Colleague: 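Okay, here's the structure, questions in a sec.
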Amino acid sequence: MAIRPPFFKLTANLEKFALILCLISVAGAFLFPNTLTATIQPLIIDVLAVLGGPFFLLVNFLLISVIVLAISPLGQRKIGGEQAKIEFSTFGWLSMLFAAGMGSGLVFWGVAEPAMHVLQPPLKQSLYPDRQAAALAITLVNWGAHAWALYAVFGLVLGGLSRNSGKAGDISAPVLSLTRPFLNRVEQIRLKFLIQLLAILAIFFGVVGTIANSTLLLRKGIELKLGVASPWLVGLIIIVLLALLYSLSARLGLKKGVQTLSQFNVFLAFFVLVWLMMMVPLQPIIDVALKGSKYYIHLLVTGTWQFSSQLNEPKWANSWTYNYYFWWLAWGPFVGVFLAKISQGRPVWQYIFGVVVVPTCVTILWFSVFSGSAIAWDSGHSSGIMAAIKIDYTQGLFVFLKQLGWQGGVLIWASLLLLLIFVATSVDSAILVIRNLAAAKHSHRLSLYTWSFVLALSSWVLLLENNELLNRSLAVIGAVPFFFIFILQLIGFVKEFITELQE
């Protein structure tokens, strides 16, 4: 019987190794919270000051690339190859990709982020004189087409678009294909282990930051609605409920769990949006949507290529735009693998339209309705919404909806449920992908419940710090090293794609 080298034993225990690293991180955060706040947060901002600008330009280029790809003859290709079959309905597919991608963030920031940018405008007023439209435009830079183009590229790279780069969903295949002439079999195995480990850590930290941030908003809503005076107990109850929900959904799988929850939440989001539009004046929403979209298009075409010159303070981007983009990069491995799995059989043009164009339009509509109506209501009724956001932006949505009487109360509970399920649909997708990367057996329930518990525990530790910026900083920890893997993935994918076209 052959004796396996030590490293081969390690690769066979990738899941255990990744879990140990995640638990060590949680323990460090719990035992040394002040060090975490004083050291990690500034360190991440310093790293983003170096890598943020180049990565931002790269995502600009990727956005153009996917548009060109969609309208080129290559847009007729099928994700997964010509023999691949479509597994999910168009509505189910769109629901899952949107819920996994960033649905929870829109609920969290729908009122707060544009309002904060109105209070402290990041864009130069000489270039963008309408404050509210400029606030919407910069918000869309953070949440719009760029973020979804990054997800789309991950899905294309991992979706089996190139026959030579490996099976669909294999996150290491493009890099292994690129390095095959230079590395022997053992070195390839080591590299694959490293790529999968970094992907798991990037997903883990990115999702933990999202759970912690979303729990802040859920907790604030329950505190304001029920008058509960024990924030830590409320936070713990919310995280336990989230853990039960995403564990059950992940256990049921894609069709019965993830798809069902995602479709329900899309209907609920539509209900909340339409009901709110029936209760507030539409003209302010239309005005900010049109002017903000005009500014946003200007930024897409010219402004983002010279981004620092558009900002009052260039350093602002380190803690906002660049931070967001590395957060999307942290989510990229799991959203990309997830998109690759649910998009098999769809033409590339349809995939890009569904992953980039549709969510961007929904994002514009969502931020326009929520921020436009809230800011207009505050201006017309002096209701203190902007003042509340200036003190604590997690209460902006609820202070606004409370102005709308009993119907606003219904919308508060609907928004809380919407956020809860959006977080659950992101986390259940992430758990499925983490277990896939770690080669965990589908029937191995202990693995599923262990990851669910560790994610919940880590989120609880972050919640104790009550620091939204820290949550965002931690969310990109895993993305920083994975940035270099992503570059190799792109090079490997392009190399294999060119080789295939030449053949």
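What's counted below: heavy atoms across the whole structure, side chains too, no hydrogens, waters or symmetry copies. The structure presented is a predicted model; accordingly, all values stated were derived computationally and were not measured.
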Colleague: Determine yes or no for a side-chain-to-main-chain donor-acceptor pair under 3.5 angstrom, with T425 supplying the side chain and F422 the backbone.
Modeller: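 Yes; judged by distance alone, with no hydrogens or angles, the pair exists.
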
Colleague: Between CD1 of I431 and OH of Y449, what distance do you get to the nearest 0.5 Å?
Modeller: 10.5 Å

Colleague: Does T321 reach the main-chain N or O of N142 with its side chain, forming a donor-acceptor pair under 3.5 Å?
Modeller: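 Checked: no pair found.
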
Colleague: Can you tell me if CD on E313 sees more than 12 non-hydrogen neighbours from other groups inside 6.0 Å?
Modeller: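 Yes, because the 6.0 Å sphere around CD of E313 holds more than 12 heavy atoms from other groups.
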
Colleague: Between CG of N265 and OG1 of T260, what distance do you get to the nearest 0.5 Å?
Modeller: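 Atom-to-atom, N265:CG and T260:OG1 are 12.0 Å apart.
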
Colleague: So for atom CZ, which belongs to F270, do other residues, nucleotides or ligands contribute more than 12 heavy atoms lying within a distance under 6.0 Å?
Modeller: no

Colleague: Which heavy atom of P359 sits nearest to which heavy atom of G354, and what is that distance?
Modeller: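 Closest approach of P359 to G354: CD-O, 3.1 Å.
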
Colleague: Are the side chain of Q403 and the backbone N or O of V399 linked by a donor-acceptor pair below 3.5 Å?
Modeller: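 At least one qualifying donor-acceptor pair exists.
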
Colleague: Are the aromatic ring centres of W349 and F353 under 6.0 angstrom apart?
Modeller: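 Centroid distance W349-F353: not below 6.0 Å, so no.
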
Colleague: Pair W331, W148 - check ring pair (Phe, Tyr, Trp, His ring centres under 6.0 Å), show working.
Modeller: CA-CA 11 Å; W331 277 44; W148 288 101; 9.8 Å; no

Colleague: Do the side chain of K402 and the main chain of G409 share a donor and acceptor less than 3.5 angstrom apart?
Modeller: no

Colleague: Mind checking whether F55 and F483 have parallel, tilted or perpendicular rings, split at 30° and 60°?
Modeller: perpendicular

Colleague: For a side chain to side chain donor-acceptor pair (under 3.5 Å) check, start with the C-alpha distance between S247 and S452, then their side-chain angles and the critical distance, and finish with the verdict.
Modeller: CA-CA 6 Å; S247 299; S452 297; 2.8 Å; yes

Colleague: Step by step, would you call W93 with S89 a side-chain contact (heavy atoms from CB on, under 4.5 Å)?
Modeller: CA-CA 6 Å; W93 173 62; S89 68; over 6 Å; no

Colleague: Under a 4.5 Å cut-off applied to non-hydrogen side-chain atoms, are L106 and F370 in contact?
Modeller: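 No - every pair of side-chain heavy atoms lies 4.5 Å or more apart.
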
Colleague: Does Q306 offer a backbone N or O that forms a donor-acceptor pair with the side chain of S309 under 3.5 Å?
Modeller: yes

Colleague: Checking Y351 against V356 for the side-chain contact (heavy atoms from CB on, under 4.5 Å) test, could you report, in this order, the C-alpha distance in whole Å, the side-chain angles of both residues, the deciding distance, and whether it holds?
Modeller: CA-CA 8 Å; Y351 167 84; V356 180; over 6 Å; no

Colleague: For a quick test of reading the model, state the closest non-hydrogen atom pair linking Y324 to E113 and the distance between them.
Modeller: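 Shortest heavy-atom contact: OH-OE1, 2.7 Å.
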
Colleague: Compare all side-chain heavy atoms of Y295 with those of V141 and state whether any distance is below 4.5 angstrom.
Modeller: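 No; the side chains remain at least 4.5 Å from each other.
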
Colleague: V280 vs F400, test: side-chain contact (heavy atoms from CB on, under 4.5 Å). Steps then yes/no.
Modeller: CA-CA 11 Å; V280 296; F400 167 48; 4.3 Å; yes

Colleague: Is any side-chain heavy atom of V47 closer than 4.5 Å to a side-chain heavy atom of V50?
Modeller: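 No. Closest side-chain heavy atoms not under 4.5 Å.
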
Colleague: Angle between ring planes, F56 versus Y322, binned at 30° and 60°: parallel, tilted or perpendicular?
Modeller: tilted

Colleague: Angle class for the W328/Y151 ring planes (parallel below 30°, perpendicular above 60°, tilted otherwise)?
Modeller: perpendicular

Colleague: Within the distance-only criterion (no hydrogens, no angle test), does the side chain of N318 pair as donor or acceptor with the backbone N or O of G52 below 3.5 angstrom?
Modeller: no

Colleague: If we check side-chain contact (heavy atoms from CB on, under 4.5 Å) with V234, which of these qualifies: T215, I222, L218?
Modeller: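 One option only clears the test, and that one is I222.
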
Colleague: Within a radius of less than 6.0 Å around NZ of K124, do more than 12 heavy atoms belonging to other residues, nucleotides or ligands occur?
Modeller: yes

Colleague: Between the side chain of T304 and the main-chain N/O of F307, is any donor-acceptor distance below 3.5 Å?
Modeller: no

Colleague: Distance-only, no hydrogens or angles: does the Q259 side chain make a donor-acceptor pair with backbone N or O of M96 under 3.5 Å?
Modeller: no

Colleague: Could you go step by step and tell me if L62 and H146 meet the side-chain contact (heavy atoms from CB on, under 4.5 Å) rule?
Modeller: CA-CA 8 Å; L62 294 178; H146 286 84; over 6 Å; no

Colleague: Return yes if some donor-acceptor pair links the side-chain N/O of S426 with the main-chain N/O of A99 below 3.5 Å, else return no.
Modeller: yes

Colleague: Is any side-chain heavy atom of Y296 less than 4.5 Å from a side-chain heavy atom of I138?
Modeller: no

Colleague: Compute the ring centroids of W316 and H117, then answer whether they are less than 6.0 Å apart.
Modeller: yes

Colleague: Kindly say whether F91 contributes a backbone atom to a donor-acceptor pair with the side chain of Q263 at under 3.5 angstrom?
Modeller: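 Answer holds: no.
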
Colleague: Taking all atoms of both residues into account, what is the closest heavy-atom pair of Q395 and A388, and its distance?
Modeller: NE2-O, 3.3 Å

Colleague: Could you verify whether a donor N or O on one side chain and an acceptor N or O on the other, from Y128 and Q310, lie under 3.5 Å apart?
Modeller: yes

Colleague: Is it true that F154 and F334 have ring centroids separated by less than 6.0 Å?
Modeller: no

Colleague: Which heavy atom of P333 sits nearest to which heavy atom of L158, and what is that distance?
Modeller: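 Residues P333 and L158, closest heavy atoms: O-CD1, 4.4 Å.
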
Colleague: Answer yes or no: is there a side-chain heavy-atom contact under 4.5 Å between L123 and N312?
Modeller: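 Answer no - side chains too far apart.
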
Colleague: Measuring from atom CG of L23 to atom CG of L457, what distance do you get when rounded to the nearest 0.5 angstrom?
Modeller: 7.5 Å

Colleague: Any heavy-atom pair between the side chains of L242 and V427 that's under 4.5 Å?
Modeller: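 No, too far: nothing below the 4.5 Å cut-off.
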
Colleague: Distance check, rounded to the nearest 0.5 Å: Y246 atom OH versus L448 atom CG?
Modeller: 10.0 Å

Colleague: Quick check for you: to the nearest 0.5 Å, what is the distance between L463 atom CG and L236 atom CG?
Modeller: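 Reported value, rounded in 0.5 Å steps: 9.0 Å.
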
Colleague: If every non-hydrogen atom of S459 is compared with every non-hydrogen atom of A212, which pair is closest and at what distance?
Modeller: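 For S459 and A212, the tightest heavy-atom pair comes out as O-CB, 4.1 Å.
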
Colleague: Under a 3.5 Å threshold, yes or no: a donor from one side chain and an acceptor from the other, between W109 and T139?
Modeller: no

Colleague: Do V59 and L329 have side-chain heavy atoms sitting under 4.5 Å apart?
Modeller: no

Colleague: Could you tell me which non-hydrogen atom of L136 sits nearest to which non-hydrogen atom of V288, and how far apart they are?
Modeller: CD2-O, 3.3 Å

Colleague: Find out whether I352 and I67 are in side-chain contact, i.e. whether some heavy atom of one side chain is under 4.5 Å from a heavy atom of the other.
Modeller: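 They are not in contact (no side-chain heavy atoms under 4.5 Å apart), so the answer is no.
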
